[in-house]
There are 2 protein chains.
Amino acid sequence: MDAVNPARPGGRREALVKAAAEMFFEQGYAATSIDAIIARAGGSKRNIYNEFGNKEGLFASIVSENAERILSALRIDEIEGRDLRETLMVFGTRLMDGYMSPALIGAYRTVVTEADRFPGLVRSFYEQGPGRATARLAEVLEEARDRGEIQTDDCARVAGHFVGMVRDNLHLQVVLGLRPPPSEDETKVAVASAVQVFLRGVRADPAG
Amino acid sequence: MDAVNPARPGGRREALVKAAAEMFFEQGYAATSIDAIIARAGGSKRNIYNEFGNKEGLFASIVSENAERILSALRIDEIEGRDLRETLMVFGTRLMDGYMSPALIGAYRTVVTEADRFPGLVRSFYEQGPGRATARLAEVLEEARDRGEIQTDDCARVAGHFVGMVRDNLHLQVVLGLRPPPSEDETKVAVASAVQVFLRGVRADPAG
DNA sequence: CTTGACTGGTAACGTCCATTACCATATCTG
DNA sequence: CAGATATGGTAATGGACGTTACCAGTCAAG
């Protein structure tokens, strides 16, 4: 019953999800037609309606099934470095790369546009991605504070500051299509600058 | 010839622009139909097509005619304070209020969505708003650096850091509809925290 | 009054698209 | 093979909507 069609190694559902994800996140929900998805994925519309009910169901499925993959760029659980500066450099670089990846830029545009239509999806999207990354950084900062390296009242808040500094106006410009994602060198310079300001801003020393 | 119709004090064009701006920025470009605009503004479709050519022309007109008003929240040209900290507090508060205003949140959503269709509009939108505010802050920081109050290689870059810290994850959450705009108190706390970290991060002192 | 330009209202046209229906295969179960 | 089920392909249905057309009423100018 559940055996995969021998002539189709991947299975219809996977092909549909893959094609739909690409097209939704590239062109947006409204601009992507069912016909176009079928044209790319192969098969027939019956497949979509049997499997997902309707277009909204397809969209909900592809977001939840692709969120993990797309947001894995922001899934920064193990951040280690010789010291806090290196840790922040690594974290900031991964954060920048994740936010600037075409996949996440496309997903961001789409999710912003359809926020009203799919409130539940938007919440899980935020919590799995930006929220989780910020929370993880806050934990790292807690540890640094316990070690006496930094000084702050609210680690979660300053974690947000750091994330904001890294995202900067760069993310806005890329989302608006005003400039391409930064190169590796540009990323390094931008992150290093953010780390420098941040570290001086929060480090523990007796300067009132 | 140009005399206003006595029965219609505001003039058709103004009413159309006003209604179209509200609806485009609330619901987005695609989700706003010509019929709906007419239903709110009164008049007939002939008005729109005589005056603006088509829907895209109407959209372009309302963006350019409303950009100044909407972005005036970010038009922070005169920033003065007793000292740099107070100046940054004032600037940051106005920045936060501007970014979180419903008008700008709506415009942001719409512009992000239609970035591909109207690249010229997007550019002027950015340059009149976020770009201009950041550039103005950079000038202020240049002066502070000349006075020896802060120490940095690149005032434009750290101005971006500050703007990013203020925008933080808050902007993202509001844009996604995950939380309401911050209250006056929340704004004050958030900005004060950003100013604190930033000032410590860039101020001139001999701590290598 | 007459002409002309504009306006309001409504209907028509053409297109796009989500959704459903229909038909012909092909695969699986027995 | 019989029958059930899923699949591919294509066409039909129905609605939404941008755009244009048509008709009647209003106002300004001569």
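Every chain is numbered from 1 and lettered A, B, ... according to where its sequence line falls, protein lines coming before strand lines. Just so you know, these numbers use all the heavy atoms, side chains as well, and skip hydrogens, waters and symmetry mates. Only a predicted model underlies this, so the values are computations on that prediction, with no experimental measurement involved.
When the C1' atom of D:dT19 is taken as reference, atom CZ of B:Phe52 falls 16 Å away, rounded to whole Å. C:dC17 atom C1' lies 14 Å from atom CG of A:Asn54, rounded to whole Å. If you measure from atom CZ of B:Arg13 to atom P of C:dT7, you get 12 Å, rounded to the nearest angstrom. Separating the CG atom of A:Leu58 from the P atom of C:dC17 is a distance of 16 Å, rounded to the nearest angstrom.
Residues from residues 42-50 of chain B placing a heavy atom under 4.0 Å of any atom in DNA chain D, listed by number, are B:Lys45, B:Arg46, B:Tyr49.
Not a single ring-ring contact (aromatic ring centres under 6.0 Å, His included) links A:Phe25 to another residue, sequence neighbours left out. Scored by the side chain to side chain contact (heavy atoms under 4.5 Å, CB included) test, A:Arg132 finds A:Arg75, A:Asp77 as partners (sequence neighbours excluded). For B:Phe118, the ring-ring contact (aromatic ring centres under 6.0 Å, His included) criterion is met by B:Tyr29, B:Phe59, not counting sequence neighbours. In this structure A:Asp116 satisfies the side chain to side chain contact (heavy atoms under 4.5 Å, CB included) test with no other residue, sequence neighbours excluded.
Side chains of A:Phe52 and A:Val17 form a contact here, defined as non-hydrogen atoms less than 4.5 Å apart.
Pairs of residues two or more places apart, or lying in two chains, that qualify as side chain to side chain donor-acceptor pair (under 3.5 Å) and include a residue from residues 160-173 of chain B are A:Thr134-B:Asn169, A:His161-B:Asp168, A:Arg167-B:Asn169, A:Asp168-B:His161, A:Asn169-B:Arg167, A:Ser193-B:His161, B:Tyr99-B:Arg167. Pairs of residues two or more places apart, or lying in two chains, that qualify as side chain to side chain donor-acceptor pair (under 3.5 Å) and include a residue from residues 35-48 of chain A are A:Glu22-A:Arg40, A:Asp35-A:Lys45. Residue pairs meeting the salt bridge (charged side-chain N to carboxylate O under 4.0 Å, His left out) criterion with at least one member in residues 57-69 of chain A, sequence neighbours excluded: A:Arg13-A:Glu65.
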Identify all pairs in which a protein N or O lies below 3.5 Å from an N or O of nucleotides 14-17 of chain D, and state each distance.
none

